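Working notes, beginning with the structure itself.
Predicted model, so just to flag it, every value in this text is computed and none were measured. We name chains A, B, ... by the order of the sequence lines, and we start the count at 1 in each one.
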Number of protein chains: 2
Amino acid sequence: MMSSISSDTCSPGADEARSLAEQAYRAIEDMVVRLDLPPGARLTENDLSQRVGFGRTPVREALQRLHYDGLVRVFPRKGIAVSEVNPLDVLVALDVYAAVERLVAAAAARRAGRAEEALAEQMAGAMARAAAVGDIGGFVETDKAIDRILAELSGNPYAARALVPLQAMARRAWLFFRRESDLAPAAERHAELLKAVCSGDAEAAEAAAESLVAHVRETIKEAVSRL
Amino acid sequence: MMSSISSDTCSPGADEARSLAEQAYRAIEDMVVRLDLPPGARLTENDLSQRVGFGRTPVREALQRLHYDGLVRVFPRKGIAVSEVNPLDVLVALDVYAAVERLVAAAAARRAGRAEEALAEQMAGAMARAAAVGDIGGFVETDKAIDRILAELSGNPYAARALVPLQAMARRAWLFFRRESDLAPAAERHAELLKAVCSGDAEAAEAAAESLVAHVRETIKEAVSRL
DNA sequence: AATAAATATATTATATGCAATAGATCTATT
DNA sequence: AATAGATCTATTGCATATAATATATTTATT
């Protein structure tokens with residue numbers, strides 16, 4: 001009977017049953033973003049197949065998604081490479097990121113209620129703690145979680161979808177260029193964004209989103225100026 | 001030697017050698033957007049395989065891209081369906097479309113020069129003629145060409161990339177809901193956008209982009225009000 | 001006749017095999 | 001020794017076979 005419209009455009013949630021291709025995507029995306037697979041690293045479908053334990057097909061499908069996301073480059077019949085982190089490119093991408101993230105933040109603020117406050121504070125706390133201890137893994141994990149929450153809260157799956165590759169790129173670039181001292185300010189910006197959203201003030205949320213992107217921009221510009 | 005950075009994030013140009021998967025994507029995308037495969041139509045990988053003349057693998061890869069674009073829905077082990085045109089969803093997507101398209105229009109305006117004027121006028125003319133004669137095929141073709149030109153001119157491949165699914169969705173919805181009388185105004189909006197971009201006036205270009213999206217919005221709202 | 005179980009069918013998900021090709025290595029020729 | 005050609009190797013692109021599963025159909029039972 002084909003059922004009525006379930007609003008999901010695409011990806012299954014965190015705990016749902018996932019295809020091997022989906023698992024492969026998440027695994028490889030994570031390795032790329034966390035710089036575990038560093039920029040420029042050469043990959044082959046076979047390597048990754050064995051690494052994640054699935055056949056070539058799901059890995060190949062994952063790699064195509066990563067290619068669309070701009071995280072890897074495919075050289076036909078030559079191999080695959082993790083994309084370089086080009087700071088000028090990232091700055092260009094950040095313009096798009098800012099525009100869409102503002103929209104998401106504003107929409108989320110308009111829809112947020114008291115119910116979200118607890119979760120938001122929990123996230124802000126987790127991120128602040130991770131930052132204080134220098135726990136990069138935890139920081140990134142919380143960052144991803146916050147992005148998921150805002151996307152969900154915004155009620156705009158199209159914005160969320162557009163954001164996916166931009167977030168991946170921004171996150172990776174930030175991780176690549178960041179210094180130890182950037183952790184705490186970033187956590188602070190996230191906390192302010194969450195607070196603005198929960199307060200229901202759309203304009204404040206937009207400003208907070210802009211401020212967050214500005215921080216990333218500055219981190220990258222500073223790194224460039226050090227070259 | 002792996003060559004230096006070629007700025008392409010992804011898709012090959014119009015005339016370059018294309019993989020079967022790329023060809024399949026373009027063919028099926030076109031059929032979906034032009035409503036040749038109508039909303040709700042049931043598909044199978046095998047059907048499409050035979051229809052486009054390739055094996056299942058490239059068709060499957062194309063379908064996955066279309067899935068990410070939101071043009072088809074995949075029901076695991078049940079089949080595939082062309083997405084319905086949900087006007088409320090489209091209106092949500094148009095908010096994102098507007099935000100990104102404004103950015104693209106502004107960037108294109110800042111980078112446009114005298115060289116582009118001829119092409120722009122040619123495009124505007126082609127679209128106006130198609131509209132006058134009621135040549136939907138030609139209209140859509142020109143519309144796509146204009147989008148490609150603006151994306152190229154903007155110098156922001158990330159915005160262009162984000163726009164792809166939004167343009168497909170907006171185009172399809174517009175084709176679905178439009179009436180004969182919408183053709184000419186749409187062509188007019190496109191012409192104004194092109195003119196604003198070529199004039200180098202970023203603010204005017206943004207306004208023109210907004211006006212174009214507003215026209216789509218109105219077309220859809222009107223259709224909804226007729227239901 | 002109605003219902004439940006069993007079976008068949010349709011379809012995607014995954015694995016694997018083969019083809020095409022880019023690049024590296026080896027060989028022969030001068 | 002240097003170079004051109006040939007051959008080998010690695011790698012993705014594509015096709016196809018198999019597995020898993022959802023749905024439809026049939027059959028048996030009451």
(Q) Nearest to the side chain of Thr44(A), heavy atoms from C-beta on, is which of dA15(D), dT11(D), dT14(C)? (A)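 Comparing dA15(D), dT11(D), dT14(C) against the side chain of Thr44(A), the answer is dT11(D).
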
Gap between atoms [atom1] and [atom2], on [X] and [N] respectively (whole Å):
X        : N       : atom1 : atom2 : value
Leu20(A) : dT12(C) : CG    : P     : 18 Å
Glu45(A) : dT16(C) : CD    : C1'   : 13 Å
Arg18(A) : dA13(C) : CZ    : C1'   : 16 Å
Asn46(A) : dC18(C) : CG    : P     : 15 Å
Ile80(B) : dA22(D) : CD1   : P     : 16 Å
Phe75(B) : dA13(C) : CZ    : C1'   : 17 Å
Leu43(A) : dA10(D) : CG    : C1'   : 15 Å

Q. Got a sec, which residues hit ring pair (Phe, Tyr, Trp, His ring centres under 6.0 Å) with Phe139(A), two or more places apart in sequence or on another chain?
A.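 Once residues adjacent in sequence are excluded, the partners of Phe139(A) under the ring pair (Phe, Tyr, Trp, His ring centres under 6.0 Å) criterion are Trp174(A).
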
Q | Residues forming a side-chain hydrogen bond (donor to acceptor under 3.5 Å, both in side chains) with Asp182(A), sequence neighbours excluded | A |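 Result, side-chain hydrogen bond (donor to acceptor under 3.5 Å, both in side chains) vs Asp182(A): none returned.
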
Q | Option from Val92(B), Leu163(B), Val90(B), Val216(B) for which side chain to side chain contact (heavy atoms under 4.5 Å, CB included) with Tyr97(B) holds | A |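 Only one option passes, and that is Leu163(B).
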
Which pairs would a plain distance check flag for residues 51-62 of chain B, meaning a side-chain donor or acceptor within less than 3.5 Å of a matching protein atom at least two apart in sequence or in another chain?
| residue | atom | partner | partner atom | Å |
| --- | --- | --- | --- | --- |
| Arg56(B) | NE | Glu45(B) | OE1 | 2.8 |
| Arg56(B) | NH2 | Glu45(B) | OE1 | 2.6 |
| Arg60(B) | NE | Glu61(A) | OE2 | 2.9 |
| Arg60(B) | NH1 | Glu45(B) | OE2 | 2.9 |
| Arg60(B) | NH2 | Glu61(A) | OE2 | 3.3 |
| Glu61(B) | OE1 | Gln64(A) | NE2 | 3.1 |
| Glu61(B) | OE2 | Arg60(A) | NE | 3.0 |
| Glu61(B) | OE2 | Arg60(A) | NH2 | 3.3 |
| Glu61(B) | OE2 | Gln64(A) | NE2 | 3.2 |

Q.
Below the 4.0 Å mark, does dA10(D) have OP1 or OP2 next to a side-chain nitrogen or oxygen of Lys78(A)?
A.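 Answer is no, no contact under 4.0 Å.
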
Q: List the steps, then state whether side chain to side chain contact (heavy atoms under 4.5 Å, CB included) holds for Val96(A) with Arg161(B).
A: CA-CA 10 Å; Val96(A) 191; Arg161(B) 177 117 207 79; over 6 Å; no

Q) Do NZ/NE/NH1/NH2 and the carboxylate oxygens of Arg217(B) and Asp95(B) come within less than 4.0 Å? A)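 Yes, charged N to carboxylate O under 4.0 Å.
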
Q: Using a strict cut-off of less than 4.0 Å between a Lys/Arg side-chain nitrogen and an Asp/Glu carboxylate oxygen, indicate whether Arg65(B) and Glu22(B) qualify as a salt bridge.
A: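 A salt bridge links Arg65(B) with Glu22(B).
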
Measure all distances between protein nitrogen or oxygen atoms and nitrogen or oxygen atoms of nucleotides 19-21 of chain D, and list the pairs falling under 3.5 Å.
| residue | atom | partner | partner atom | Å |
| --- | --- | --- | --- | --- |
| dA20(D) | N3 | Arg77(B) | NE | 3.1 |

Q.
Which residue in the set Arg34(A), Lys144(A), Arg172(A) passes salt bridge (charged side-chain N to carboxylate O under 4.0 Å, His left out) when paired with Glu29(A)?
A.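 Passing option: Lys144(A).
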
Q) Measuring from Thr142(A):OG1 to Ile149(A):CD1, what's the distance to the nearest 0.5 Å? A)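 If we round to the nearest 0.5 Å, Thr142(A):OG1 and Ile149(A):CD1 are 9.5 Å apart.
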
**Q.** DNA chain C contacts made by residues 51-64 of chain B, counting heavy atoms under 4.0 Å
**A.**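 Going residue by residue through residues 51-64 of chain B, the ones with a heavy atom under 4.0 Å of DNA chain C turn out to be Arg56(B), Arg60(B).
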
Q: Determine yes or no for a side-chain-to-main-chain donor-acceptor pair under 3.5 angstrom, with Arg73(A) supplying the side chain and Ala81(A) the backbone.
A: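 Absent.
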
Q. Is any side-chain heavy atom of Glu101(B) closer than 4.5 Å to a side-chain heavy atom of Leu150(B)?
A.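 They are in contact (side-chain heavy atoms under 4.5 Å apart), so the answer is yes.
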
Dump the pairs, protein N or O against N or O of nucleotides 6-9 of chain D, anything under 3.5 Å, distances to one decimal.
none

